[in-house]
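First comes the structure, then the notes that go with it.
Computed over heavy atoms, backbone and side chain alike; hydrogens, waters and symmetry mates excluded. Quantities reported herein were computed from a predicted structural model and do not represent experimental measurements.
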Amino acid sequence: MNKAEIFEFLNVNPILHLATVEGNKPHVRGMLLYRADENGIIFNTGKMKDLHRQLTGNPNVEMSFNNGSLESLIQVRVIGTVELVEDIELKKEIVQKREFLKQLVEQAGYEPLAVYRIKNGLAAVWTMKTNFATKEFIEL
């Protein structure tokens, strides 16, 4: 896969698992991608959550996406450093497309919404066919 194909794969398969580290303990959780393109890989969380505290303390993460097909499984892992994005227009766009966030914003405004971006990450693609091949990284 090239860079454009990876972005397309991520957007078509937006459920991911995100790994963070706090102290010396790893934490992994399922997340929902907002979008992936030349401007970065964007996702959101709440500033009241452990995830926000972990990302603030250590911005190095790994994401794992897959197509959910046992017969033709593809996994894309992305390694990178997140940055907090305080862009009110982007927050409004996300809330407009994610109904479940509207109640939070109605009650507390946009401040509790944390939007993160990985820019310049590295992606590795895995398939059963390439299971034993040397890992190659694609710059995003």
Go through the steps to decide whether Gln75 and Val125 satisfy the test side chain to side chain contact (heavy atoms under 4.5 Å, CB included), and finish with yes or no. CA-CA 6 Å; Gln75 175 181 259; Val125 178; over 6 Å; no
Taking the inter-plane angle between the rings of His52 and Tyr116 on a 0 to 90° scale, is it parallel (under 30°), tilted (30 to 60°) or perpendicular (over 60°)? tilted
Before accepting this row, confirm whether a basic side-chain N of the pair Lys25/Glu22 lies closer than 4.0 Å to the acidic partner's carboxylate O. no
Considering all heavy atoms of both residues, which atom of Gly23 and which atom of Val21 are nearest to each other, and what is their separation? O-CG1, 3.3 Å
Might you work through the side chain to side chain contact (heavy atoms under 4.5 Å, CB included) test for Arg35 and Asn11, ending with a clear yes or no? CA-CA 6 Å; Arg35 83 171 163 242; Asn11 286 310; 3.9 Å; yes
Rounded to the nearest 0.5 Å, how far apart are OG1 of Thr127 and CG of Asn66? 12.5 Å
When hydrophobic residues are tied together by side-chain contacts of less than 4.5 Å, even through go-betweens, does Met1 share a cluster with Ile138? yes
Does any non-hydrogen side-chain atom of Thr20 lie less than 4.5 Å from one of Leu55? yes
What is the distance from atom CG of Asn44 to atom NZ of Lys49, rounded to the nearest 0.5 Å? 9.0 Å
Answer yes if Leu33 and Phe9 sit in the same cluster of Ile, Leu, Val, Met, Phe, Trp and Tyr residues linked by side chain heavy atoms under 4.5 Å apart, and no otherwise. yes
Side chain of Lys91, backbone of Leu113: donor and acceptor closer than 3.5 Å? yes
Residues Val115, Asp87; criterion side chain to side chain contact (heavy atoms under 4.5 Å, CB included); working and verdict: CA-CA 8 Å; Val115 177; Asp87 178 339; over 6 Å; no
Would you sort out whether Asp50 and Arg53 count as a side chain to side chain contact (heavy atoms under 4.5 Å, CB included), showing the intermediate values? CA-CA 5 Å; Asp50 291 342; Arg53 185 176 40 41; 3.0 Å; yes
Which heavy atom in Phe65 sits nearest to a heavy atom in Ile15, and how many Å separate them? CD2-O, 4.0 Å
In terms of heavy-atom contacts, Phe7 and Asp37 come closest through CZ-O, 3.2 Å
About how many Å separate CG of Leu18 and CG of Leu32, when rounded to the nearest 0.5 Å? 12.5 Å
Rounded at 0.5 Å granularity, tell me how far CD in Gln54 sits from CG in Asn60. 13.0 Å
Taking Glu38's backbone N and O only, do any of them form a donor-acceptor pair with Lys119's side chain (distance below 3.5 Å, no angle check)? yes
Do Met48 and Leu101 sit in the same hydrophobic cluster, where Ile, Leu, Val, Met, Phe, Trp and Tyr count as joined when their side-chain heavy atoms come under 4.5 Å apart? no
Heavy-atom count check: over 12 atoms from other residues, nucleotides or ligands less than 6.0 Å from Glu136 CD? no
Check whether any side-chain N or O of Asn67 sits under 3.5 Å from a backbone N or O of Ile74 as a donor-acceptor pair, and report yes or no. yes
CD1/Ile42 to CG/Leu10 distance, rounded to the nearest 0.5 angstrom? 12.5 Å
If you measure from the Lys or Arg side-chain nitrogens to the Asp or Glu carboxylate oxygens, is any gap between Arg77 and Glu62 under 4.0 Å? yes
Identify the residue among Ile79, Val61, Leu140 that makes a side chain to side chain contact (heavy atoms under 4.5 Å, CB included) with Ile118. Val61
Taken to the nearest 0.5 Å, the spacing of Arg29 CZ from His17 NE2 works out to 10.5 Å
Flag yes if Ile41 and Leu84 sit in one hydrophobic cluster, no otherwise; membership is Ile, Leu, Val, Met, Phe, Trp, Tyr, and two members link when side-chain heavy atoms are under 4.5 Å apart. yes
Take atom CD in Gln96; do more than 12 heavy atoms of anything else shown fall under 6.0 Å from it? no
Would Val95 end up clustered with Phe100 when hydrophobic side chains under 4.5 Å apart are linked, directly or stepwise? yes
